[in-house]
Amino acid sequence: MDYNFKAIEKKWQDYWEKNKTFKTHDDLENPKKCYVLDMFPYPSGTGLHVGHPEGYTATDIYSRFKRMKGFNVLHPMGWDAFGLPAEQYAIQTGTHPAITTNKNCDTFRRQIKSLGLSYDWDREINTTDPKYFKWTQWIFIRLFNTWFDENLQKGRPVNELTIPDEIKSLGDKEVRKYIDSRRLAYYENAQVWYCSSCRIVCANEEVLNDGSHEKCGNQVEKKYLKQWMLRIPLYAERLLKGIDSLNWPEGIKEMQRNWIGRSTGAEVDFRIEGLDESLTVFTTRPDTLFGATYMVIAPEHHLVDKITTDSYRKQVEKYVKQSALKSDLDRTDLAKEKTGVFTGRYALNPVNNSRIPIWIADYVLTGYGTGAIMAVPAHDTRDFEFAEKFNLPIICIQDPDVSDAEQRARILEGNECWTEDGIYINSSDPVTGIDINGLNKEAGIEKITKWLESRNLGRAKVNYKLRDWLFSRQRYWGEPFPVVHWDDGEISVIDEKELPLELPALEKYIPGESGESPLANAGEWLNVVDANGRRGRRETNTMPQWAGSCWYYLRFIDPRNDQVIFDSEKEKYWMPVDLYIGGAEHAVLHLLYSRFWHKVLFDLGIVSTDEPYQRLFNQGMILAFAYENQTGAKVPADQVTEKNGKYYNTQTGEELKQIVAKMSKSLKNVVNPDDVTEKYGADSLRLYEMFMGPLDVMKPWDERNVKGVFNFISRTYRFFAETGNISTGEEDIEILKGLHRTIRKVEDDIENLKFNTAISEMMIFLNLVYKKGKVTKETARNFILILSAFAPHLGEELWQILGHDHSLAYEPWPEVNPEYLKVDIIEYPVSFNGKMRFKIELPAEMNKDDIEKAVLADARSEKWTGGSKPLKVVVVPGKIVNVVVKPS
RNA sequence: GCCCGGAUGGUGGAACGGUAGACACGCAGGACUUAAAAUCCUGUGGCCAUAAAGGCUGUGCGGGUUCAAGUCCCGCUCCGGGUACCA
């Protein structure tokens, strides 16, 4: 009667595969649908680690539960398989990335299948499959052919774009330019990070804080290269508003809001003395205009040349050059020490026409606002630091709301910066007529903005941190852009009938020098001639890895459709995703990009929902124990031995401290799920992943604890597989109560994704079963059904032993009978002054007064009341009694 | 710096403002066994104490609200993650 998990698990995995037990049918008539999605993995060469199955098990339990609750469940899996490692391997060995990729996918598929996850494998997709990326390219064409109508706050096809007559009159080329300037996808010179050692352009997230490339460690440099960009900021307001309606963790929602970074303020125009130009700044504090004592423009600002006077030109040019060379490392390292240079030029403050100097400094960024600021050192800490360093005037214009008299004096004298609220002083001008003295911040902002608008000197403005999205990579292993660059300068997308545009075979995958993609060597593939004999060259950049993952949830709906991206009736049925689980590291970028594409597709009528992911949950990272010595040096786990709860270095014998750290090769503490399934079985792995702790927190893997759930599974098997333990006749009332409480707890916990407590409840029930020694077949049935969501192999096996000849996957979830949840006797804890002293059993329906009487009548009360009347008695029916007595 | 999390026994962790430590690991003791493993049973926060009881104390630290605080509020400490001068 031993629990032979190897044979059992193999048997049922084969059964599910053979019978296609988890094939999802597009039963569009069934109103109960549930789309449960995992963030699909990048199939790396190292295979699965125990972090992957955490989320997969959670969604699997949820899916199995929903199926048993009568839902039509869509639960697919696929591969986000483009990526640099396969390409680098190709460079080294000449092996085509597709070969490496498919091999890795095979490993991942085998490993995932060995966990008994209930995916519909007929829907498996792979982002590198031309049949898939055909539609990624198709979406790109949509983005290219869409503009954003600010008035309707909606993306629309470019052929609905009205061309102003004055543009039309300038000819076709200008019309083309006008349209191109509105497209959601555009092609432009952009500053990118370039790694000369790998010869590739890197995404920001691949550049480490010290300015080195995360893959090779070499310093990256900045470079201007022609790039595809997507105008995601146009959707900033929609993306921001949409967040509110989502059932996502608050922290993630907040991170997205911060990333979008909406701020309200005003644009203000400053005339430049001696030039017929004005300098526009964005400020959130137009109310502090009277405190503006200088201006700063970014070194890359387009007016730098014009503004700089001859006598300062040399210094300025030197400074601009220097800051261009600076990596982010230098900028942050020197963050405390601000640098800058005077241009020799002055601007005029619109509120009082005072002359204020224009400086250049790299603490002002080109990419945000207008790339120029008005500096108000008295009320902005960065401006304050800069002004102190360069001895620029600091004028306090706000009497601060502060109680400390000394601090107030320092602020008024301009010796300390004040960024909070206060009452304006020195904020009026008889000539221009503006006066905000005596007002506070809110009123001041409003008044001065109105004044600026009425004089056409400025305007209220909303600004976002969100920037255009750099959407091209100089790599081979990505989706080719369906784009042709024509000799006459026109850029066009290819006809949809020509999709997919597949990658050409190459002999070598080495990128070109100066940052060109390997596709630049693609020979004939590159050349295109149109019907009129016009020559063109294909785009050599490829799309970033985000592209395929931005919309894969849509393809799962109809993955084999080669006519359309997906059937829209099916899309209407399945969308939105009801539950999406993955790591928090994708909190911002993947989810934001994906929402952006979805909204564009929604505007174009291609999808039926405004948001793709209704409910999101992030699993916490799984960590592992690691060891360090007195000096904090890490010792690889294979050089550590345990003795009486202490840890020692096997080489040196020194005592080590156990810490919790990320799993890493160097620490030798990576846990491979294959090893765990080999030793304890897939059901134990699944159960332990869930039992470790709450799904959303980080937790350390501790193999010793796998034994706990393994014991539980073995005990379950030993009990229910032994027919002698199954009784006939009436079920024991305690068993019934326990069973129904367990069903209720488990179903509630699954809905709330609290799998750890669901499992412990089942353990409690099993302990009760062992105590009683026998259960009825009905009880066994019900318990096996709820357990099967967690440990499906064991569930199926016991189900069969009970005499069933088909899978339990679609059996109805056991009904809770509320009769058995009722309690007639409550054991009230009785506390005196908040301290629990004794317990008393009272009928559940007893009212407050009677409870009070019963408690005070109890002999044990006298010890605490001293026989006198208590000051107060708090009775919470069903919960607790608290007697307040005079403290002795 | 800023933003977001977190801190509960030897360990992983439970706990609608209502009995702190469920469940599990580990450990200790017992049963079974020639013995061990496996299994089953019992105990297990700390301190004091006992014939049986019982008492004190305890959720990172310091205050507060409340009949009652791990939970709510204010002020810290430490740890983890994100971000980098966002005007």
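Proteins get letters first, then strands, A, B, ... in listed order; numbering begins at 1 in each.
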How does RNA chain B read in dot-bracket, base by base from 5' to 3', with Watson-Crick or G-U pairs under 3.5 Å and | used when the partner is on another strand?
-> (((((((..(((.....[....)))((((((.......))))))((((.....))))..(((((..]....))))))))))))....

[atom1] atom, [N] versus [M]: distance in rounded Å?
| N | M | atom1 | value |
| --- | --- | --- | --- |
| B/G45 | B/G9 | C1' | 4 Å |
| B/C61 | B/G70 | P | 11 Å |
| B/U44 | B/U34 | P | 32 Å |
| B/C72 | B/A15 | P | 14 Å |
| B/A69 | B/G60 | P | 15 Å |
| B/A68 | B/G75 | C1' | 24 Å |
| B/C4 | B/G63 | P | 27 Å |
| B/C76 | B/A24 | C1' | 35 Å |

For A/Leu289, does its backbone N or O pair with a side-chain atom of A/Asn349 as donor and acceptor, under 3.5 Å?
-> yes

Any donor-acceptor pair under 3.5 Å from A/Tyr688 side chain to A/Asp702 backbone =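 Yes; at least one donor-acceptor contact below 3.5 Å.
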
Are OP1 or OP2 of [N] and a side-chain N or O of [X] less than 4.0 angstrom apart?
| X | N | answer |
| --- | --- | --- |
| A/Asn258 | B/U83 | no |
| A/Arg382 | B/G1 | no |
| A/Arg718 | B/C40 | yes |
| A/Ser263 | B/A87 | yes |

Among [options], which nucleotide sits nearest the side chain of [X]?
| X | options | result |
| --- | --- | --- |
| A/Lys863 | B/A87, B/G54, B/A20 | B/G54 |
| A/Thr283 | B/A87, B/G81, B/C67 | B/A87 |
| A/Pro700 | B/G12, B/G81, B/A87 | B/G12 |
| A/Tyr770 | B/A87, B/C85, B/C41 | B/C41 |
| A/Val874 | B/C41, B/A15, B/G18 | B/G18 |

Would you call the rings of [X] and [Y] parallel, tilted or perpendicular, taking 30° and 60° as the class edges?
| X | Y | result |
| --- | --- | --- |
| A/Phe710 | A/Phe5 | perpendicular |
| A/Tyr770 | A/Phe719 | tilted |
| A/His590 | A/Trp546 | parallel |
| A/Tyr294 | A/Phe386 | parallel |

Going through the checks in order, is the salt bridge (Lys or Arg N to Asp or Glu O under 4.0 Å) test met by A/Glu254 and A/Arg257?
-> CA-CA 5 Å; A/Glu254 200 53 32; A/Arg257 288 190 191 104; 3.0 Å; yes

Using a 4.0 Å heavy-atom cut-off across all strands, classify [X] as base, sugar-phosphate, or nothing.
| X | result |
| --- | --- |
| A/Val876 | base |
| A/Met698 | sugar-phosphate |
| A/Lys461 | nothing |
| A/Lys699 | sugar-phosphate |

What closest approach, in Å, do [X] and [Y] show between heavy atoms, and which atom pair accounts for it?
| X | Y | value |
| --- | --- | --- |
| A/Met663 | A/Val50 | CE-CG2, 3.3 Å |
| A/Thr419 | A/Lys441 | O-NZ, 3.7 Å |
| A/Cys417 | A/His379 | SG-C, 3.9 Å |

d([atom1], [X]; [atom2], [N]) in whole Å:
| X | N | atom1 | atom2 | value |
| --- | --- | --- | --- | --- |
| A/Met762 | B/A22 | CE | P | 19 Å |
| A/Asn756 | B/G12 | CG | P | 14 Å |
| A/Ile252 | B/G81 | CD1 | C1' | 11 Å |
| A/Ile260 | B/C3 | CD1 | P | 19 Å |
| A/Lys679 | B/A38 | NZ | P | 13 Å |
| A/Leu695 | B/G6 | CG | C1' | 17 Å |
| A/Lys338 | B/A87 | NZ | P | 14 Å |
| A/Gln619 | B/G81 | CD | P | 17 Å |

A/Phe691 and A/Phe712 aromatic centres sub-6.0 Å |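 That pair fails the under 6.0 Å test.
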
Any chance you could lay out the side chain to side chain contact (heavy atoms under 4.5 Å, CB included) test for A/Val676 and A/Ser684, step after step, and finish with the verdict?
-> CA-CA 8 Å; A/Val676 184; A/Ser684 291; 5.9 Å; no

Which glycosidic conformation, syn or anti, is assigned to B/G55 if syn requires a torsion within 90° of zero?
->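 B/G55: anti.
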
Position toward the 5' end of RNA chain B (nearest nucleotide), A/Ile880 or A/Thr757 =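 Whichever sits nearer the 5' end wins; that is A/Thr757.
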
Position toward the 5' end of RNA chain B (nearest nucleotide), A/Val697 or A/Met374 | A/Val697

Look for any protein N or O under 3.5 Å of an N or O in nucleotides 23-26 of chain B and output each such pair with its distance, or none.
residue: B/A24; atom: OP1; partner: A/Asn767; partner atom: ND2; Å: 3.0
residue: B/C25; atom: OP1; partner: A/Asn711; partner atom: ND2; Å: 3.1
residue: B/C25; atom: O4'; partner: A/Asn705; partner atom: OD1; Å: 3.2
residue: B/C25; atom: O2'; partner: A/Asn705; partner atom: OD1; Å: 3.0
residue: B/G26; atom: OP1; partner: A/Lys707; partner atom: NZ; Å: 3.2

Determine, stepwise, if the pair A/Glu761 / A/Arg741 fulfils salt bridge (Lys or Arg N to Asp or Glu O under 4.0 Å).
-> CA-CA 9 Å; A/Glu761 195 66 29; A/Arg741 209 187 57 193; 3.0 Å; yes

Determine whether the side chains of A/Arg715 and A/Asn767 contain a donor N or O and an acceptor N or O closer than 3.5 Å.
->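 A/Asn767 and A/Arg715 do have a side-chain donor-acceptor pair below 3.5 Å.
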
Protein-nucleotides 56-59 of chain B N/O pairs under 3.5 Å:
residue: B/C56; atom: OP2; partner: A/Arg837; partner atom: NH1; Å: 2.8

Please lay out, stage by stage, how A/Arg459 and A/Asp269 fare under the test salt bridge (Lys or Arg N to Asp or Glu O under 4.0 Å).
-> CA-CA 9 Å; A/Arg459 57 219 72 86; A/Asp269 304 324; 2.5 Å; yes

